[in-house]
Amino acid sequence: MAVKIVAGNWKMNLNRGEAQALVSEITGMLSDEVTHPVKVILFPANIYIGAIVQLTSSDHRIAIGAQNCSNKESGAFTGEVSAAMLKSIGCHYVLIGHSERRAYFGETNTLLSEKIDLAIKHLLHPVYCIGELLEDRNNKKHFDVIQNQLTEGIFHLDATAFEKCIIAYEPVWAIGTGLTASAEQAQEMHAYIRQLIEKKYGGIIAENTTILYGGSCNDQNAKELFGLKDVDGGLIGGASLKSRSFVNIIKSLP
Ligand code: PGA
């Protein structure tokens with residue numbers, strides 16, 4: 001069975017005080033209200049990671065990740081942050097290929113595959129984000145786009161490395177727009193992704209791979225989405241910036 005996860009992608013939001021306040025509210029609510037084992041990953045901006053690792057160290061249910069890493073090992077790459085650096089400050093996860101990175105920073109599947117290799121090498125778990133544009137869906141190309149992103153970005157891994165990864169399906173048209181994939185659309189695509197993983201790595205790995213849904217997931221729709229057979233939790237943007245809504249989403253995990 002795949003591990004169920006709720007992850008919060010803070011993007012380029014919050015100053016230091018706000019970030020610390022949000023973390024302490026989340027940890028407080030979790031300890032007061034959530035007694036069952038849940039897995040939560042927070043993706044703050046890089047500069048807060050060290051502090052937030054410390055602030056969350058007493059709650060083993062919370063792990064910290066970065067929103068991106070370099071495709072280079074080290075050296076003269078001004079402004080970049082390497083997978084090894086992230087690992088050294090207590091990061092355990094890294095988002096790779098978020099649609100904003102693909103769209104605004106021109107990140108290609110090939111470049112992303114290099115980032116995934118370095119993340120794995122430095123013992124970070126990649127959370128590989130995939131998703132189609134509205135135009136792809138309207139042209140009935142959404143399955144092809146997803147297959148391509150998986151094939152070119154992550155299916156070069158051997159089975160042992162792939163098992164360290166999480167997939168996040170985030171239809172681009174649903175990110176930050178208030179539009180969510182319907183339950184049918186989400187389940188259909190998640191099942192398709194699992195089927196591709198099965199074809200490549202076999203049934204056991206497919207069954208054990210966590211596939212998160214992302215795109216305007218909130219405390220109103222999380223229960224329905226998380227209840228779907230092939231949806232193993234969510235990658236939450238906007239709604240992860242408010243402690244009450246984020247903890248409510250965590251509580252929606254089955
Ligand atoms: P959203 O973002 O929840 O604000 O749509 C999701 C994401 O970008 O990961």
Side-chain angles (χ1 to χ4, degrees), residues 4-14 18-19 22 26 39-46 48-49 52 62-69 91-107 112 115-116 119 124-134 136-137 142 145-146 149-150 153-154 165-183 185-186 189-190 193 210-226 228 231-253:
K4 310 270 184 206
I5 296 172
V6 170
N9 173 13
W10 293 358
K11 309 192 181 185
M12 199 171 70
N13 290 300
L14 309 176
E18 290 164 345
L22 179 57
I26 292 170
K39 189 157 178 183
V40 176
I41 311 172
L42 301 178
F43 292 93
N46 284 348
Y48 306 140
I49 288 173
I52 291 176
I62 304 179
I64 306 304
Q67 298 171 16
N68 179 35
C69 71
C91 245
H92 286 101
Y93 294 85
V94 60
L95 295 180
I96 306 277
H98 189 280
S99 67
E100 289 149 17
R101 301 289 322 167
R102 292 177 187 265
Y104 307 143
F105 301 93
E107 297 193 352
L112 298 170
K115 295 188 179 205
I116 288 182
L124 293 170
H125 296 278
V127 179
Y128 182 53
C129 304
I130 56 177
E132 81 283 358
L133 305 172
L134 187 56
D136 300 323
R137 186 166 276 272
H142 44 305
V145 168
I146 294 301
Q149 289 173 339
L150 287 170
I154 201 170
C165 301
I166 292 170
I167 304 294
Y169 169 60
E170 301 199 298
V172 180
W173 48 271
I175 295 179
T177 58
L179 292 174
T180 319
S182 68
Q185 288 169 326
M189 188 57 90
H190 280 238
I193 293 165
T210 297
I211 307 175
L212 304 177
Y213 170 81
S216 298
C217 185
N218 56 43
D219 56 359
Q220 302 301 307
N221 57 30
K223 213 176 179 72
E224 184 186 22
L225 288 161
F226 297 173
L228 299 169
V231 176
D232 304 310
L235 177 55
I236 319 300
S240 72
L241 296 171
K242 298 260 183 305
S243 52
R244 182 68 275 162
S245 61
F246 189 60
V247 172
N248 284 349
I249 293 170
I250 296 168
K251 288 160 92 174
S252 306
L253 280 175

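Values below: every heavy atom of this structure, side chains too, minus hydrogens, waters and symmetry copies. Numbering of ligands and ligand atoms starts at 1, following listing order.
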| message | Would Gly215 count as a contact residue for ligand 1, given that I'm defining contact as a non-hydrogen atom of the residue lying under 4.0 Å from a ligand atom? | response | yes
| salt bridge (Lys or Arg N to Asp or Glu O under 4.0 Å) pairs, two or more places apart, involving residues 236-250 | Glu33-Arg244
| Ligand-side contact atoms (ligand 1) for residue partner His98, heavy atom cut-off under 4.0 Å | 7 (C), 8 (O), 9 (O)
| note | Only residue of Val231, Asp232, Thr210 satisfying side-chain contact (heavy atoms from CB on, under 4.5 Å) with Lys4 is Asp232
| query | With a 4.5 Å heavy-atom cut-off, do Leu42 and Tyr48 have their side chains touching? | reply | no
| query | Is Lys11 close to ligand 1, meaning an N/O of one under 3.5 Å from an N/O of the other? | reply | yes
| task | Evaluate the side-chain proximity of Leu124 to Cys69: yes if any heavy-atom separation is below 4.5 Å, no if none is. | result | no
| Heavy atom of the protein closest to atom 4 (O) of ligand 1 (residue, atom name, distance) | Gly238 N, 2.8 Å
| field | Protein contact of atom 3 (O) of ligand 1 - nearest heavy atom, named by residue and atom, plus distance | value | Gly237 N, 2.9 Å
| task | Would you mind listing which atoms of ligand 1 come within a distance below 4.0 Å of any non-hydrogen atom of Gly176? | result | 1 (P), 4 (O), 5 (O)
| Validation row: Ile130, Ile154 side chains within 4.5 angstrom (heavy atoms) | no
| Does even one non-hydrogen atom of Ala174 get within less than 4.0 Å of ligand 1? | yes
| task | Give the residue, atom name and distance (to 0.1 Å) of the protein heavy atom nearest atom 7 (C) of ligand 1. | result | Glu170 OE2, 3.1 Å
| For ligand 1, which part of Ile175 has a heavy atom less than 4.0 Å away: the side chain, the backbone, both, or neither? | both
| If you measure from atom 1 (P) of ligand 1 to every heavy atom of Ser99, Ala7, Cys217, Ser216, which option wins on shortest distance? | Ser216
| query | Hey, is Gly214 one of the residues with a heavy atom under 4.0 angstrom from ligand 1? | reply | no
| request: Please state whether the rings of His190 and Tyr213 are parallel, tilted or perpendicular, taking 30° and 60° as the class boundaries. | output: tilted
| field | By ring pair (Phe, Tyr, Trp, His ring centres under 6.0 Å) - contacts of His142 (at least two apart) | value | none
| query | In Å and rounded to the nearest 0.5 Å, what is the SG to NE2 distance from Cys91 to His125? | reply | 11.5 Å
